Amino acid sequence: MDKNENIVWHPNKVTQDERQKVLGQRGLVVWFTGLSGSGKSTIAVELEKMLTDAGYAAYLLDGDNIRHGINSDLGFTDEDRNENIRRISEIAALFRDAGIITLVSFISPFRKMREFARERAGKENFIEAWVSTDLETCRKRDPKGLYKKQIQNFTGKDSAYEEPQHPDIILDTVNTTPGECAEIVYREIAERVGKS
C-alpha cells in the first residue's frame, strides 16, 4: 500500500495571486550555496536587512539554524544531507507560495538536490546564488572552527561539493564585500519581484 494513498490534497479558497497581492510582491526563493566559510550566511543576513528596510517581506532560512530545530534529527551522511535539503526545499516553496522572498543559506553540496529545490519553488521563482569562494580561503577564514576539527563527512574535506553548472548569480567574496554581494542579489530580486 502506498503510504500517501489515504492522503488527499485539501484545496484553499485563497489563491497564490491573492496572497501576493496582499503583500504587493511575488514570492521568490534565493538559494545561497557554497562551502562552509564561503560567506553565504553573512551575505544572506545583509540581504535580509536590506530587503526589509526597503519594505519587502523577506525571511532567512539558515542551514545551521534549521539544524537546531526541524532538522535536528539529521546527521551528515549523504542520505541525511539529501533529506536536509528536501525538507528545506518544501519549506521554502511554502514561503514562496505565501509571497515571501525566502533566502536559503545551505551548503547544499549536491546538484541533484539543488535542482529539486528549483523544481519545488518553480523555475521562474528561483535564484541560485553560488558563493564561489575557494576551499583554501574558506579554510583560512574558518569562522566556526570547523575545518580544524576532525569532522567525518565534512564538505570540502572528505565529502564532495558539486559546483553549480549554471548558477543565476556567482558571488566572489574574495574580491567583493558581503555588502556588495548582497547589493548584487538585491538588484536581481527587485527586478524580478517588483513592489506595488
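From a predicted model like this one, the values you see are computed outputs, not experimental measurements. Positions are given from 1 along the sequence.
Between the side chain of Asn84 and the backbone N or O of Asp80 there is no donor-acceptor pair closer than 3.5 Å. A donor-acceptor contact shorter than 3.5 Å is absent between the side chain of Arg19 and the backbone of Gly99. No donor-acceptor distance shorter than 3.5 angstrom exists from the side chain of Glu46 to the backbone of Pro178, with no hydrogens or angles considered. Looking at Glu48, its side chain never comes within 3.5 Å of a backbone N or O of Leu103 through a donor-acceptor pair. Looking at Asp172, its side chain does come within 3.5 Å of a backbone N or O of Asn175 through a donor-acceptor pair. Under the 3.5 Å distance criterion, the side-chain polar atoms of Ser72 are left unmatched by any main-chain donor or acceptor of His68.
Residues Asp53 and Lys49 are paired through a salt bridge, judged by an N-O separation under 4.0 Å between the basic side chain and the carboxylate. The pair Arg67-Asp62 does not meet the salt-bridge criterion, since no charged nitrogen lies less than 4.0 angstrom from a carboxylate oxygen. Residues Glu191 and Arg187 are not paired through a salt bridge, judged by the lack of any N-O separation under 4.0 Å between the basic side chain and the carboxylate.
Among residues two or more places apart in sequence or in another chain, the salt bridge (charged side-chain N to carboxylate O under 4.0 Å, His left out) test is passed with Lys123 by Glu119. Remark: Ser132 engages Trp130, Ile170 in a side chain to side chain contact (heavy atoms under 4.5 Å, CB included) (not counting sequence neighbours). Annotation: salt bridge (charged side-chain N to carboxylate O under 4.0 Å, His left out) contacts of Glu163 (sequence neighbours excluded): none. With sequence neighbours left out, Glu128 forms a salt bridge (charged side-chain N to carboxylate O under 4.0 Å, His left out) with Arg114, Arg118. Under the ring pair (Phe, Tyr, Trp, His ring centres under 6.0 Å) criterion, Phe116 pairs with no residue, sequence neighbours left out.
At a threshold of 4.5 Å between non-hydrogen side-chain atoms, the residues Val185 and Phe32 count as touching. Two residues are said to be in side-chain contact when any heavy atoms from C-beta on lie closer than 4.5 Å; Ile70 and Ile91 meet this criterion. Side-chain contact check for Thr133 versus Leu35: every heavy-atom pair is 4.5 Å or farther apart. Contact annotation: the side chain of Ile189 approaches that of Ile101 to within less than 4.5 Å [non-hydrogen atoms, C-beta and beyond].
The line from NE2 of His166 to CD of Glu115 is 10.0 Å long, rounded to the nearest 0.5 Å. Distance check: Leu60 CG to Leu47 CG gives 9.0 Å after rounding to the nearest 0.5 Å. In this structure, CG on Asp97 lies 7.0 Å from CD on Gln20, to the nearest 0.5 angstrom.
Cluster annotation: Tyr186 and Leu28 are assigned to the same hydrophobic cluster (Ile/Leu/Val/Met/Phe/Trp/Tyr, side-chain heavy-atom contacts under 4.5 Å, transitive). Put simply, Val193 and Ile169 are part of the same group of oily side chains (I, L, V, M, F, W, Y) that touch within less than 4.5 Å, one to the next. Cluster annotation: Val45 and Val30 are assigned to the same hydrophobic cluster (Ile/Leu/Val/Met/Phe/Trp/Tyr, side-chain heavy-atom contacts under 4.5 Å, transitive).
Among all heavy-atom pairs drawn from Ser89 and Met113, the shortest one is OG-O, 4.4 Å.
Note on residues 85-106: pairs passing ring pair (Phe, Tyr, Trp, His ring centres under 6.0 Å), not counting sequence neighbours, are Tyr59-Phe95.
For Leu94, the CG atom is densely surrounded, since the number of other residues' heavy atoms within 6.0 Å is greater than 12.
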Practice problem: Take Arg87 and Asp73 through the salt bridge (charged side-chain N to carboxylate O under 4.0 Å, His left out) test and state the conclusion after the steps. | Solution: CA-CA 12 Å; Arg87 290 181 193 178; Asp73 61 323; 2.8 Å; yes
Practice problem: Decide yes or no on side chain to side chain contact (heavy atoms under 4.5 Å, CB included) for Glu18 and Asn12, but give the supporting numbers first. | Solution: CA-CA 11 Å; Glu18 288 171 323; Asn12 296 4; over 6 Å; no
